[in-house]
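Since the structure comes first, as structure tokens, the remarks are kept for the end.
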Amino acid sequence: MSDWLVRYARALAEEPLTREEIATLLDLARDVAHGTERRFAPLSTFLAGVRVGRQLTGVGGERATALEHAVAAAHRVLDSP
């Protein structure tokens with residue numbers, strides 16, 4: 001993982017992203033960029049992060065599971081007309 005990402009996470013007082021989370025977020029950005037407008041890719045990953053944060057704050061759970069749910073929602077929207 002990039003040292004910059006680790007330092008950025010620490011500057012935000014957050015846990016660094018795992019390799020799996022990085023792969024998932026990059027896949028989400030790719031899928032959105034190819035399924036809609038490219039400019040929506042970073043915005044979609046931001047929204048996924050907002051959802052993960054709210055899920056962890058509201059009902060608890062694991063970050064990986066919350067991220068899976070956010071990505072699944074994005075794919076449902078991508079697949080709908």
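Atom set for the values below is all heavy atoms of this structure, side chains included, hydrogens, waters and symmetry mates excluded.
Both L56 and L25 are members of a single hydrophobic cluster when ILVMFWY side chains are connected at heavy-atom separations under 4.5 Å.
With sequence neighbours left out, the salt bridge (Lys or Arg N to Asp or Glu O under 4.0 Å) criterion links R30 to D27. Scanning for side chain to side chain contact (heavy atoms under 4.5 Å, CB included) contacts around A33 gives R38, A41, with sequence neighbours left out. Applying the salt bridge (Lys or Arg N to Asp or Glu O under 4.0 Å) rule to E20 yields no partners; only residues at least two apart in sequence or on another chain are considered. Applying the side chain to side chain contact (heavy atoms under 4.5 Å, CB included) rule to E21 yields the partners L17, T18, R63, L67; only residues at least two apart in sequence or on another chain are considered.
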With a cut-off of 3.5 Å and sequence neighbours excluded, list every side-chain donor-acceptor pair involving residues 68-81.
from : atom 1 : to  : atom 2 : distance (Å)
H75  : NE2    : D31 : OD2    : 3.0
S80  : OG     : V77 : O      : 2.9

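For residues 8-53, the ring-ring contact (aromatic ring centres under 6.0 Å, His included) pairs, not counting sequence neighbours, are W4-Y8.
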Using side chain to side chain contact (heavy atoms under 4.5 Å, CB included), reason through L28 and T24 one step at a time and then give a plain yes or no. CA-CA 6 Å; L28 172 60; T24 298; 5.6 Å; no
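Side-chain contact between L5 and I22 is present, with heavy atoms from C-beta onward closer than 4.5 Å.
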